[in-house]
Amino acid sequence: MFAPVPRQPDHREIEPRILAFWADRGIFGKLVERNRDKERFKFLDGPITANNPMGVHHAWGRTYKDVFQRYHAMLGHDQRYQNGFDCQGLWVEVEVEKELGFKSKRDIETFGIGRFVERCKERVLKYSRIQTDQSIRLGQWMDWEDSYYTMSEENNYSIWHFLKKCHERGLIYEGTDVMPWCSRCGTAISDQEIATEGYRELTHKAVFFRLPVLRPSDFGLRPSNEYLLVWTTTPWTLTSNVAAAVHPELDYVRARLEGNIYILAKPLLHVLGKGAEVIEELKGEKLVGLHYRGPFDELGPQQGVEHEVIPWDEVSAAEGTGIVHIAPGCGKEDFLLGKEHNLAVIAPLNEDGTFSDSFGWLTGVDAQAAAQPVFDSLQKKGLLFRVEDYTHRYPVCWRCGQELVFRLVDEWFVSMDTLREEITESAKQVRWIPDFGLARELDWLANMSDWCISKKRYWGLALPIFRCECGWFDVIGSKEELKSRAVSGWERFDGHTPHRPWVDEIRIKCAKCGKPVPRIKDVGNPWLDAGVVPFSTTHYLTNYYYWKEWFPFDFICESFPGQFRNWFYAILTMSTVLEKCSPFKTILGYAMMKGADGREMHKSWGNAIDTDEAFDKMGADVMRWVFARQNPVQNLNFGYALGDEVRRKFLTLWNVYSFFVTYANIDNWVPGSGFRGQDSEPQPLALLDRWILSRLNSLVKLTRERLDDFDPSPVPRAVEEFIDDLSVWYVRRSRRRFWKSISDTDKQAAYRTLHDCLVTLARLIAPFVPFLAEELYQNLAQPSIANQQSAIDISSGRATTPESVHLCAYPEPDASLIDVALEKEVGLARAVVSLGRAAREKSNLKVRQPLSAVLVRLNEPAEREAILRHAEIIKEELNVRDLQFGDKDAPFPPDYAVEENPEHAVGICKKLTPELENEGLVRELVHKVQGLRKSAGFEVTDRIELHYQASPRLVVAVRTFEDYIRRETLAVTVTGEPLADPDIRETAKINREPAELALKRVRE
Ligand SMILES: [Zn+2]
Ligand SMILES: [Zn+2]
């Protein structure tokens, strides 16, 4: 006996029960053991940041990872199941600061760096546990005890080794640059970070101001009544202005307004407003070399600065005035331009974003708050022209949301000049899926600047750079080297992880001047942490042979947007430096997850979905199916409606499963032996059986092809089509075979076929929906364990049934069962049926009303034979007496309802005879009775007494078709006499004819 099946699958009951089953039986351990030392599938997990509970978008990527690992496990491949946690970096610090209520870096230093770092570690451990639990709930199989943590000593020292290799090639340098800077976090924000998620739509004050042109006079250069009209959206940077840029080929004008002369780009003349009179037109190049008086010449750092007009091809006439204010200490492009023109660099800001000491009345004022004081000062000096609101995309800190400023900083870099080419070669070795990935990565590699690896923070890789005041520096490559070169502090460091503040105790000796030298205070860019994992997790430095066995990896899978500049970039770079190759062979990338409304998920917008809530409401299997069937190239607009859609498909499968179990139990059918006590000699299969087995094997073939090609999304869609075929065609068309009271070979074949379909399907979908697959498998395949005599050959080549679906071999297609022509033929018959149904619907003729004929018109005469082979089925499906063929171009007779597609046209004869109408009435009545049987809770095998009272028309119909009614409803009597104690009764309308119906179960 199979266990009875509830009406609906309840994931809240099934999923925890299956998890417990796997744990109790140690299924995962058995799987790993079984595949040990077999052919390898080498998967590398990109680490998840262990800083918060898992986002629902993480579940998307984890689903892919698990699908491929489970698939390869069923293929018998040996694998590493190592999950990774990303631990170090600003993201963790910011959350811990929030927990502790800190406002700035000063708070951290007061609290104590050591205590702060310990709190960061604790947070990582807490959330890695939570994420582990969530991943288990998702059904992901990993060796959770063996997860790697990027804060581990092995990981950190592996990065030291990498940096040492870079240093040996002369790639590490300390540079001055203008970088986007978060004044709250007190750190530079790298190109990668800002390109990924660093912009927000913001409104700022923009200002038009005028700068007096200096003209030669007897007393040298003197201000005139002629002004450059300039525009900026960052007023605080005016303090550090040193030049004004014009486009040499752009047209400019000198225009008179209220007694003064203004210079600006001709297309922007409207800025001056009414009353301006153009007195001269000239090219920008004529302006180059003009001197002007700066807007804040009174400030200390401006002393001695000569302000000059310079040429710049990037100046546009799209907005502003066509004259761009240049402050090389406050902007990236300005800085480069300054280098080119040898301009003075004024760096106004402290680490916390306030003006530094030399800025007089602005000292201590926050840059973002300086707009109004700057306007006031310009007003006082007669330089203010106009202030207006300006909305633009402005960079913000990707962690804390603070608006960024551009600040002159000293940071450490890995030079990309010589590496760029080598990394490009590595990237080309990879198979990128989707293939535009390669172009994206190459584009990044071609345009990236040097890799800024330092951050002025606390919780992170301690950059092993020791620099002396005299200019000398060195990079330490290992713990052993650190110990051997330490001249002091080792005993205070020993026993600690290589983190701040402990590692800062160490001093080494300067090779140049002999002084004891401390480590620089900076920590590392966190992408170093994640970038080294192809090496650290495989013990590159400590177990070379093990590393050799697993490197390079076959497969990685991460979200595309962002990672080109981050993880992919980091692992490619580090692997290129260490081994001159890519660390992975194939990457499957997927797009972004959005809310159901297509917008970014935001709690305040009500479109965000919490992972745990999704597990509760939707279930892990449904989520996984939603993820797996998504085309990874496209963003996924994730919401509960998608889950409902999938749940309906699952319900169709469940109904087939339930149908099978119900009838198999009634007939006492068991797998393998067939009906107990009967011979189960195989017979030639019926057409339907041959068809569905062909469909099944085609599905298996396609699934393997797609999964072998790392292309998962067609599989769930193909499975859904198969479930549809199985349900609305195979089972529906076979129903009567299961109902038959005798257990003949045809019935036997139907059971065997349907069972084979369901068990194979369970194995096929196991990597995608591990819980549902196990649930089906345990009930459908396990009875043979209880009944060892009849153990079936579930997984090819095995004598006994594996304990779990996940210990089965993945299904293999049986080519001898694939009959493409037959599949096509049935597809054609179904197409005709569906057109016929549509034609019926169009003319409001219920399917239960028998009609005289269907007329089929084909473009392809060869299809006629195929349709004739399925004529009985088509007639039955469409409930028509006759099937006819029409000429390709002949019109349909007028009383036909017609529906067509490009290849076929199908017409249904609408004319009703009294006999057809009577039959229609009876079919409707039978349908009503079936409904009543269900409502009364009768078993499908229960026999009944049927009472009816009806209009004369209906009575005639019932008498004519009484045998048919008995057969269909299992009625032993059909009578006009009232029943004593009926189980259910109803007053109904049968096609507008009133009727009284009553049913009573016959107790035998
Ligand atoms: Zn910040
Ligand atoms: Zn020195």
Side-chain angles (χ1 to χ4, degrees), residues 204-215 221 223-248 250-258 260-273 276 282-299 302 305-331 333-334 337-338 341 343-344 346 348 370-371 373-390 392 406:
H204 285 122
K205 293 284 179 207
V207 58
F208 291 91
F209 56 98
R210 56 188 201 177
L211 299 170
V213 174
L214 300 177
R215 293 289 183 191
L221 290 171
S224 60
N225 70 335
E226 189 174 353
Y227 296 93
L228 300 172
L229 192 64
V230 189
W231 176 79
T232 185
T233 59
T234 48
W236 65 272
T237 62
L238 291 182
T239 57
S240 309
N241 173 278
V242 300
V246 295
H247 195 300
L250 189 63
D251 289 323
Y252 286 80
V253 292
R254 296 174 72 234
R256 196 192 312 276
L257 178 71
E258 291 162 2
N260 293 314
I261 293 167
Y262 291 92
I263 300 172
L264 74 165
K266 188 182 168 194
L268 295 160
L269 181 62
H270 58 85
V271 169
L272 286 179
L282 67 173
K283 288 285 181 196
E285 62 189 2
K286 297 272 182 221
L287 299 169
V288 171
L290 279 183
H291 286 83
Y292 65 89
R293 194 162 77 191
F296 285 89
D297 282 357
E298 72 279 11
L299 294 174
Q302 287 281 1
V305 174
E306 286 193 7
H307 300 85
E308 199 178 334
V309 176
I310 58 169
W312 190 25
D313 285 345
E314 297 296 312
V315 174
S316 101
E319 59 184 354
T321 65
I323 302 179
V324 176
H325 131 76
I326 303 295
C330 307
E333 290 169 315
D334 302 40
L337 206 56
H341 292 274
L343 302 176
I346 299 174
V374 163
F375 300 153
D376 293 345
S377 171
L378 291 173
Q379 178 82 37
K380 242 192 297 183
K381 291 179 269 195
L383 300 179
L384 191 70
F385 189 82
R386 190 165 78 229
V387 174
E388 63 184 19
D389 282 342
Y390 182 74
H392 54 165
F406 283 81

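Nothing fancy with the numbering, it's 1 onward along the sequence.
Listed by chain and residue number, K381 satisfy the salt bridge (charged side-chain N to carboxylate O under 4.0 Å, His left out) test with E298 (two or more places apart in sequence, or in another chain).
For T233 against H204, the heavy-atom pair with the smallest separation is O-CB, 4.3 Å. When all heavy atoms of F296 and Q302 are compared, the closest pair comes out as O-CG, 3.2 Å. For the pair V271 and F385, the tightest heavy-atom approach, listed with the atom from each and the gap, is O-CE2, 3.9 Å. Listed here is the closest heavy atom pair of A255 and L269: CB-CD1, 4.0 Å. Residues V374 and W236 come closest through the heavy atom pair CG2-CA, 4.5 Å. T232 approaches T234 most closely through the heavy-atom pair OG1-N, 3.1 Å.
Within the 4.5 Å cutoff, the side chain of H307 has heavy atoms near those of the D297 side chain. At a threshold of 4.5 Å between non-hydrogen side-chain atoms, the residues V213 and H291 do not count as touching. Between E333 and L337, every side-chain heavy-atom pair lies at or beyond the 4.5 Å cut-off. Considering only heavy atoms from C-beta on, K283 comes within 4.5 Å of D251 through its side chain. A heavy-atom distance below 4.5 Å is not found between the side chains of L214 and S224.
Considering CD of E226 and CG of L211, their distance stands at 12.5 Å, rounded to 0.5 Å. To the nearest 0.5 Å, atoms CG (L287) and CG (L282) are separated by 4.5 Å. Annotation: the span from N260 atom CG to Y227 atom OH amounts to 5.0 Å, rounded to 0.5 Å. Atoms CD and OH, from E285 and Y252 in turn, are 11.0 Å apart once rounded to the nearest 0.5 Å. Rounding to the nearest 0.5 Å gives a distance of 9.5 Å between CG of L343 and CG of D334. Of the inter-residue distances, the one linking L299 atom CG with S240 atom OG reads 8.5 Å to the nearest 0.5 angstrom.
Here salt bridge (Lys or Arg N to Asp or Glu O under 4.0 Å) pairs that include residues 228-239, with residues two or more places apart or in two chains, number zero.
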query: Would L238 and L378 satisfy side chain to side chain contact (heavy atoms under 4.5 Å, CB included), going step by step from the backbone distance to the final call?
result: CA-CA 10 Å; L238 291 182; L378 291 173; 3.9 Å; yes
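The aromatic rings of F208 and W231 sit tilted, their planes meeting at an angle between 30° and 60°.
Under a cut-off of 6.0 angstrom, the local environment of CD in E258 is sparse, with at most 12 non-hydrogen atoms contributed by other residues, nucleotides or ligands. By the neighbour-count criterion of 12 heavy atoms within 6.0 Å, atom CZ of R293 is sparsely surrounded, having that number or fewer from other residues, nucleotides or ligands.
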Would you tabulate the side-chain donor-acceptor contacts of residues 308-328 under 3.5 Å, counting partners in other chains and residues two or more places apart, or write 'none'?
residue, atom, partner, partner atom, Å
S316, OG, A318, N, 3.0
E319, OE1, Y390, OH, 2.7
E319, OE2, Y390, OH, 3.0
T321, OG1, L229, O, 2.6
T321, OG1, I323, N, 3.2
T321, OG1, I323, O, 3.4
H325, ND1, N241, ND2, 2.7
H325, NE2, T237, OG1, 2.8

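Under a 3.5 Å cut-off, the side chain of R210 and the backbone N or O of G382 do form a donor-acceptor pair.
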